Amino acid sequence: MTDQIRGWRLSGGALPAGMPPYFAQLRPGYYDEGQMDAFETDRSHAVLVTRLDDGARIVMAVDITELEDYQNMMGIVSGLIAAVSALTIALSIAWVYRSLRRPLGELAQRMEELDPEQPAQRLPTDFALAELHDIAALVNGHLERVERFIERERSLLDQASHEFRTPIAVIAGAVDVLKLYDLPPAAGAPLARIQSTTDNLTEIMAALLYLSRENDGKAPLETTRLDSLLLVLVDDHQHLLKGKHAHFVVEELEALWIDSPEAIARIVVGNLLRNAAENSYQGAIRIRLARGRLSIQDSGEGFDTVAAARRYTQGLRDSTKQGGGQGLGLFLTRRICERFGWTLKVSSNPSHGTLAEMTFPTGRQVQDV
């Protein structure tokens, strides 16, 4: 310790033994190692110079060379430890990533391969990682609950459709019997209305039963001649224009076959015609069927498309909670378009009315016979 801390007294004579000459140049005060670097190059000192009353100076010096070397060494060691730790953490993360990437990718691929139209599909649970096994088991449990829910809904829909068929058939039969009697002329309109309503309900029940079945590709493909059906539907909806100064005009009509039962096409096209007729009070309702697209331009006042889209979305939500009426029509239209890959575009202009365009990508144009 004496080699590290030393002191000398300077009284104006010769330098004390062992005192570095540059210490004698220091004025009273404290000098740290940074200030002493200007005087020395091989050692590091901290020096305190004190003046005495008789004019002499006391010089106390602490040699901190070894302490600085130790601090420098510890700094290097700390840096090496930090580098090794960072490398270890990086390698650990890389190992975990590589060990999880393949099984996670396999799980994601198997989930991607699940076909929502194919029932009873499950994820394999033969994963080495217990966590992935638990995830696959939870997904399989969720799939099973969803399938049970869908089966209950389908069964309810199927039973309700069959139950409704009987009273509808009874009403239709009663109308046919009433037509055999000599009824007053005033009874003609109510009977026609009842007949039209029962026919519409029959078509809706058929559509519901059709949509409730899985599209497995095994059922025979049904086709409908859309141009011929369109003329029939235009004639059926003429009564909606009675008392108005509006009329249907078929401007273009190309022969088109679509892959759909007639009842399905009748519901969708009938809804478009009915909406156009109910919103038109004067002028022409222009109808075109060309190049696989049906367009119906009414002569109404148009509407705000943003507000209409909001009402349409709300109607789709309400249609799942309360059946019948406009909500059921919206529900069937949405489901039918999804099932057959059709697209419906509605645009409106206050000065030109509303234009509804239905595109049939799989339709087949044929020569009229």
Side-chain angles (χ1 to χ4, degrees), residues 189 192-193 195-197 199-201 203-204 207 224-258 260-312 315-316 319 325-337 340 342-361 363 365 368:
R193 182 61 177 168
Q195 182 69 54
S196 174
T197 302
D199 292 342
N200 186 37
L201 286 175
E203 294 173 357
I204 291 177
T224 299
R225 181 73 177 267
L226 186 59
D227 54 307
S228 300
L229 177 63
L230 181 59
L231 293 177
V232 175
L233 292 175
V234 168
D235 186 64
D236 290 343
H237 288 77
Q238 291 288 350
H239 69 278
L240 297 176
L241 300 178
K242 288 183 179 180
K244 299 181 180 180
H245 299 287
H247 56 282
F248 290 112
V249 176
V250 181
E251 296 184 337
E252 192 172 0
L253 189 66
E254 292 184 357
L256 180 68
W257 288 93
I258 59 174
S260 162
E262 181 177 321
I264 298 294
R266 182 183 290 270
I267 289 175
V268 175
V269 178
N271 280 335
L272 298 181
L273 291 173
R274 181 168 56 254
N275 291 336
E278 291 177 349
N279 290 282
S280 298
Y281 298 93
Q282 61 181 2
I285 301 175
R286 305 184 184 279
I287 302 170
R288 292 186 180 89
L289 178 60
R291 294 175 292 279
R293 177 179 298 177
L294 170 65
S295 62
I296 301 176
Q297 173 74 62
D298 66 30
S299 57
E301 298 179 352
F303 56 88
D304 184 354
T305 55
V306 175
R310 189 180 300 111
R311 290 194 300 270
Y312 177 78
L316 290 180
S319 66
Q326 186 180 8
L328 183 58
L330 291 172
F331 171 76
L332 289 177
T333 300
R334 182 192 65 166
R335 290 294 306 274
I336 290 171
C337 289
F340 293 95
W342 301 340
T343 57
L344 175 62
K345 178 182 178 182
V346 179
S347 57
S348 183
N349 189 308
S351 60
H352 298 90
T354 301
L355 173 63
E357 295 178 297
M358 176 72 75
T359 304
F360 306 92
Q365 296 182 7
D368 200 2

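Remember, predicted model here, so these are calculated numbers, not experimental data.
Residue Thr224 comes nearest to Pro261 through the heavy atom pair OG1-C, 3.3 Å, listed as atom of the first residue, atom of the second, then distance. Nearest heavy-atom pair, Ala276 versus Ile285, reported as atom, atom and distance to 0.1 Å: O-CD1, 3.7 Å. The two atoms that bring Glu254 and Ala290 nearest to each other are OE1-CA, 3.6 Å, heavy atoms only. Closest approach of Ser295 to Leu355, counting heavy atoms only: CB-CD1, 4.0 Å. Considering every non-hydrogen atom in both Ser299 and Ser280, the closest pair reads N-OG, 3.2 Å.
Side chain of Glu278 to main chain of Leu240: no donor-acceptor pair is present (N/O by atom type, distance under 3.5 Å, no hydrogens or angles).
Atom CG of Leu344 is separated from atom CG of Leu272 by 6.0 Å, given to the nearest 0.5 angstrom.
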Requested in this report: Before giving the answer on side-chain contact (heavy atoms from CB on, under 4.5 Å), spell out for Ser260 and Phe360 the whole-Å C-alpha distance, their side-chain angles and the decisive distance to 0.1 Å.
Outcome: CA-CA 10 Å; Ser260 162; Phe360 306 92; over 6 Å; no
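In summary, of the residues considered (Arg288, Gln297, Lys345), a side-chain contact (heavy atoms from CB on, under 4.5 Å) with Glu357 occurs for Lys345 alone. For the side-chain contact (heavy atoms from CB on, under 4.5 Å) with Asp298, the lone residue among Asn279, Leu273, Ile287 that qualifies is Asn279.
Counting heavy atoms from C-beta outward, Leu229 and Arg225 have side chains that stay 4.5 Å or more apart. Using a 4.5 Å heavy-atom threshold, the side chains of Leu226 and Val269 count as touching. In this structure the side chain of Phe340 never reaches within 4.5 angstrom of the side chain of Ile258, judged on heavy atoms.
More than 12 heavy-atom neighbours from other residues, nucleotides or ligands sit within 6.0 angstrom of NZ on Lys244.
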